[in-house]
Amino acid sequence: MVGAAVNSRELVLARVRAALGATPAAPADIARDYRPAGGTVDLDLLVRRLTDYRATVHRCADDAVAQVVDAILGGRRVVVPPALPRRWLPASVDALADDGLSAEQIAATDGVVTAAAVAVAETGTIVLDGAPDQGRRVITLLPDVHVCVLRADQVVAGVPDAVARLDPRRPLTWISGPSATSDIELNRVEGVHGPRNLHVVIVPV
């Protein structure tokens, strides 16, 4: 059996060599003229993309974020990253800071409130990088509602702009709308891999 395997391997390699010829062609030049960063930011485009993805967008001043969170999660228990600004949380929510909570404790909450690292207007994508005001990835996956507060100056035009801002060594989570997938009949199913409801609160600078 070993001899047969070796022979088969040699046969395949011989056919590859024959197909390539005596002097294989040099690899073709690959264009490297990628679109650079530096595009014009269109905040309205981001809103349209997020809405298309079935996220709910709120635009308000920083001092009104707590009112928005109250309207979404008032009277409920929420998990928050350790460095989330407390001014964003109304007194009506029971905030549980993530100091190493178990998956069961996180799943038992009704929602999560986080900040963000950057957002891409062209694709309607929000990126979290695990910073103290965003927390561990798990807290944004298990609760049913994710409220993400995004500053207008964190919005960039395209993916190259976002990549230029991000640290690839950090745990990056790219979010385009609520969690969604399709079943075998291509029916959209939400909430399988994360929150079914995404609220994005955009705060001007």
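Here, residue 1 is the first one in the sequence, and each next residue gets the next number.
A distance of 12.0 Å separates CD1 in Ile72 from CD in Gln67, rounded to the nearest 0.5 Å. The CG atom of Leu172 sits 7.5 Å away from the CG atom of Asp167 when rounded to the nearest 0.5 Å. Between atom CD1 of residue Ile126 and atom CG of residue Leu50 there is a gap of 5.0 Å, rounded to the nearest 0.5 Å. Remark: Ser92 OG to Leu73 CG distance equals 8.5 Å, nearest 0.5 Å.
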### Message
Set out, in order, the CA-CA distance, both residues' side-chain angles and the distance that settles salt bridge (charged side-chain N to carboxylate O under 4.0 Å, His left out) for Arg87 and Asp63, then state yes or no.
### Response
CA-CA 7 Å; Arg87 66 181 182 278; Asp63 59 6; over 6 Å; no
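The residues Arg151 and Asp62 are annotated as not salt-bridged, no charged nitrogen and carboxylate oxygen being separated by less than 4.0 angstrom. Between Arg77 and Asp110 there is no salt bridge, since no side-chain N of the basic residue sits under 4.0 Å from a carboxylate O of the acidic one.
Residue Val113 is not grouped with residue Val200 when hydrophobic side chains (ILVMFWY) are merged at heavy-atom distances under 4.5 angstrom, including chains of intermediate members. Residues Leu142 and Leu96 share a hydrophobic cluster, clusters being chains of Ile/Leu/Val/Met/Phe/Trp/Tyr side chains in contact below 4.5 Å. The hydrophobic clustering, which links ILVMFWY residues whose side-chain heavy atoms are closer than 4.5 Å, places Val80 and Val149 together. In the hydrophobic cluster analysis, where Ile, Leu, Val, Met, Phe, Trp and Tyr join through side-chain heavy atoms closer than 4.5 angstrom, Ile202 is grouped apart from Val68.
Shown here is Arg15, whose CZ atom has no more than 12 heavy atoms of other residues, nucleotides or ligands within 6.0 Å. Few gaps surround CZ on Arg59; more than 12 heavy atoms of other groups in view lie less than 6.0 Å from it.
Side chains of His199 and His58: a donor-acceptor N/O pair is present below 3.5 angstrom, by distance only.
Arg86 places a side-chain heavy atom less than 4.5 Å from the side chain of Leu84.
Closest heavy-atom contact between Ala119 and Leu46: CB-CD2, 4.2 Å.
Partners of Ala152 by side-chain contact (heavy atoms from CB on, under 4.5 Å), not counting sequence neighbours, listed by chain and number: Leu43, Val205.
For the side chain to side chain donor-acceptor pair (under 3.5 Å) with Ser176, the qualifying choice from Asp52, Thr125, Thr123 is Thr125, the only one to do so.
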